[in-house]
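Reviewing the structure listed below.
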There are 2 protein chains.
Amino acid sequence: MNANIDIENFILDFSNSCQKKQKKNFSKNEVITTYIKNRNQLCILLDGYADLVRYDLNGNRTIVEHFSKNALFGEVFYTITTNNELLVEAKSNCTVLFYIYDDIFHKCSNNCKFHENLSENLPQLILNKVTDLNMRIELLTQRSTRDKLLRYFSLLSTRNLSKSFELPFSLTDLADYLSVDRSAMMRELKLLKEDGFIEKVGNRIILLYK
Amino acid sequence: MNANIDIENFILDFSNSCQKKQKKNFSKNEVITTYIKNRNQLCILLDGYADLVRYDLNGNRTIVEHFSKNALFGEVFYTITTNNELLVEAKSNCTVLFYIYDDIFHKCSNNCKFHENLSENLPQLILNKVTDLNMRIELLTQRSTRDKLLRYFSLLSTRNLSKSFELPFSLTDLADYLSVDRSAMMRELKLLKEDGFIEKVGNRIILLYK
DNA sequence: CATAATATGTTGCTTTTGCAACGGAAAATA
DNA sequence: TATTTTCCGTTGCAAAAGCAACATATTATG
């Protein structure tokens, strides 16, 4: 998000040199990849939206991360310790670059342009991921559904530089993202409207407080 | 944790060259640093234990991260958007290296050994942080206090390669780490004992299931 | 060692959340 | 366009979690 690097050029080089990579298109709702230990797959979302989703043994679905253009994902970011399924699902038509690495920070033997760019830009991209994850943690540590909603709305408001913004999720998915029950979230959403904190027009939220 | 880099040597060089850094000692319960926007401070915990703690407007205390030897912290990892206080508190006697950076990934003009090592090792250290944060998120997305406890215990069990392990937290702090009410957590802990899931001897937990 | 401070353990009560179920709206698909 | 599927919105009831208060144990500290 706050990357001051030339990601467009990076992506371009990423796509045009070296062999251990592959570009693929996906339609909405297709599974882009699953996280499997030791496969060493790194992915970049070139276009579209996708979610990292976990299905646990109780049947709960959790949206672990929400990815948009230029997001990095793959099991390199994950220490896989559970038997839970971890899937990346396309939420729109997507273009994804897959890359299999030996050592993620080392240049390949070919000394190709792609790897030069990768090792140059990867640290900053990963740092961006850290700040994203820290924001996610701030959301999840809110103690009530109301606080989670308000914190999330405030975040979107800041990002959009406006008190009025579109939700990037369906309400069903928002509940899975905040890790709460959908009907309980709907109830809280209604209370927030009744208490004059927000207005909701379709998929658009308008914050009414200071 | 899974860093296959020579962190001891890194730390050594970190300590012995270049000027924009400072080594300090802290006693238990002292505040090591607070997160302040745009100060560009990066810290490495050379020794001891420390917590990143957030105090919110409702008076809740949350342990955002728990740091041990060689952990990286500082506002570079954080997009500070709230008015909440973010403090790093020493949980034992600590030695901390502070470093003020201009551009975190660029070598300084001196071309010193410290910066050479920093830019070499930082990416891997940050990647480790990502995997830590992802585990933290997995914990926090558990839907009940029971599931949070069991997930956390399972994690410690894996780390210690044993069904029996010491808690690195007081129970009060554990509640703040899992983002739940302490008394509710104590109740759940009792139920876990009664239901035969765990045994608890002082600060030691023993897992009794498969 | 005495005393203060902090942590553990417990409980009754209240509030919040989850669960299950349903009808209607909207969107996807044949 | 008709029909199926998914999503939205709601509710009653049950379960879980939070709050407040307290007693006891343990740990720091003068």
Side-chain angles (χ1 to χ4, degrees), chain A residues 27-30 51 53 56-63 89-93 140-151 166-195 198-205, chain B residues 27-30 51 53 56-63 89-93 139-151 166-195 197-205:
Chain A
S27 2
K28 191 172 170 176
N29 294 324
E30 275 190 280
D51 289 341
V53 179
D56 72 18
L57 306 170
N58 308 327
N60 289 315
R61 175 176 181 273
T62 304
I63 296 181
E89 296 175 350
K91 300 306 285 184
S92 68
N93 291 343
L140 292 169
T141 50
Q142 299 302 311
R143 301 301 175 99
S144 63
T145 302
R146 169 169 290 214
D147 286 344
K148 284 181 179 177
L149 284 168
L150 288 177
R151 193 74 202 83
E166 298 278 330
L167 292 174
F169 287 122
S170 72
L171 295 176
T172 306
D173 284 356
L174 180 57
D176 290 343
Y177 185 70
L178 300 181
S179 202
V180 296
D181 178 74
R182 185 188 64 87
S183 68
M185 189 195 78
M186 295 298 284
R187 181 166 35 208
E188 202 52 48
L189 218 40
K190 194 169 70 169
L191 291 174
L192 280 172
K193 281 186 275 185
E194 284 172 17
D195 294 352
I198 64 165
E199 247 172 64
K200 182 171 174 302
V201 185
N203 211 29
R204 177 166 288 275
I205 300 285
Chain B
S27 1
K28 192 172 168 173
N29 294 324
E30 275 192 280
D51 289 341
V53 179
D56 72 18
L57 306 170
N58 307 327
N60 289 313
R61 175 177 181 273
T62 304
I63 297 181
E89 297 175 351
K91 301 307 284 183
S92 68
N93 291 343
L139 248 196
L140 292 168
T141 50
Q142 299 302 312
R143 301 302 174 99
S144 63
T145 302
R146 168 167 292 212
D147 285 344
K148 284 181 178 177
L149 284 168
L150 289 177
R151 193 73 202 85
E166 299 278 330
L167 291 174
F169 286 123
S170 72
L171 295 177
T172 305
D173 283 357
L174 180 57
D176 289 344
Y177 185 69
L178 300 182
S179 202
V180 296
D181 177 73
R182 185 187 65 86
S183 69
M185 189 196 76
M186 295 297 286
R187 181 166 35 210
E188 202 52 48
L189 219 40
K190 193 169 72 169
L191 291 174
L192 281 172
K193 282 186 273 184
E194 284 173 15
D195 294 351
F197 283 91
I198 63 165
E199 248 173 61
K200 181 170 174 303
V201 185
N203 211 29
R204 177 166 288 277
I205 300 283

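The structure displayed is predicted, hence computed values, not measured ones. Proteins get letters first, then strands, A, B, ... in listed order; numbering begins at 1 in each.
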* To do: Could you state the atom-to-atom distance from CG of A:Asp176 to P of C:dC19 in whole Å?
  => 12 Å

* Shortest non-hydrogen contact from A:Leu140 toward A:Lys148 -> O-CE, 3.8 Å

* Asked: Looking at D:dA17, C:dA7, D:dC8, which one has an atom nearest to any side-chain atom of B:Glu188?
  -> D:dA17

* **d(CG, B:Leu174; P, C:dT6) in whole Å** => 20 Å

* Kindly calculate the angle separating the two end axes of the helix from C:dC1-D:dG30 to C:dA30-D:dT1, each obtained from five base pairs, and round it to 10 degrees. => 60°

* Using atom CG of A:Leu171 as one end and atom C1' of D:dT10 as the other, report the distance to the nearest whole Å. => 14 Å

* Asked: Is the shortest distance from a Lys or Arg side-chain nitrogen in B:Arg151 or A:Asp56 to a carboxylate oxygen in the other one below 4.0 Å?
  -> no

* Non-hydrogen side-chain atoms of A:Leu178 and A:Thr145 separated by less than 4.5 Å -> no

* Asked: OP1 or OP2 of C:dT16 less than 4.0 angstrom from a side-chain nitrogen or oxygen of A:Ser144, does that happen here?
  -> no

* Structure fact -> B:Met186 has its side chain closest, among C:dT17, D:dC8, C:dT8, to C:dT8

* Euclidean distance, atom CG of residue A:Leu189 to atom P of C:dT16 [Å, nearest integer] -> 16 Å

* To do: Taking only the side-chain nitrogens and oxygens of A:Thr172, find out if one of them lies under 4.0 Å from OP1 or OP2 of D:dC8.
  => yes

* N/O donor-acceptor pair, side chain B:Arg182 with base D:dG18, under 3.5 angstrom -> no

* To do: Report yes if a side-chain nitrogen or oxygen of B:Lys190 is closer than 4.0 Å to either non-bridging phosphate oxygen (OP1 or OP2) of C:dT11; otherwise report no.
  => yes

* How many Å lie between CG on B:Asp181 and P on C:dT16, as a whole number? -> 14 Å

* To do: Show your reasoning for whether salt bridge (Lys or Arg N to Asp or Glu O under 4.0 Å) applies to A:Asp173 and A:Lys91.
  => CA-CA 11 Å; A:Asp173 284 356; A:Lys91 300 306 285 184; 2.9 Å; yes

* Look at B:Lys200 and C:dG9 and indicate whether a side-chain polar atom (N or O) is within less than 4.0 Å of OP1 or OP2. => yes

* May I have the distance from B:Lys148 (atom NZ) to D:dA16 (atom P), rounded to whole angstrom? => 15 Å

* Please figure out whether B:Ser183 or A:Ala184 has its closest DNA chain D nucleotide nearer the 5' end. => A:Ala184

* Asked: Is there a donor-acceptor pair closer than 3.5 Å between any side-chain N or O of A:Asn203 and the backbone N or O of A:Glu166?
  -> no

* **Rounded distance in Å - CG (B:Asp147) to C1' (D:dA15)** => 14 Å

* Applying salt bridge (Lys or Arg N to Asp or Glu O under 4.0 Å), run through B:Asp51 and B:Arg61 and close with a yes or a no. => CA-CA 12 Å; B:Asp51 289 341; B:Arg61 175 177 181 273; 5.2 Å; no

* Determine: side-chain N/O of A:Lys28 to OP1/OP2 of C:dA28, distance under 4.0 Å, yes or no. => yes

* Asked: Taking CG from B:Asn58 and P from D:dC19, how many angstroms apart are they, rounded to a whole number?
  -> 9 Å

* Report which part of the nucleic acid A:Arg187 touches: base, sugar-phosphate, or nothing (heavy-atom distance under 4.0 Å, all strands). => base

* Asked: Would you find a donor on one side and an acceptor on the other, under 3.5 Å apart, between the side chain of A:Asp181 and the backbone of A:Ser183?
  -> yes

* Give a yes or no answer on whether the side chain of A:Lys200 reaches the backbone of A:Gly202 with a donor-acceptor pair at less than 3.5 Å. => yes

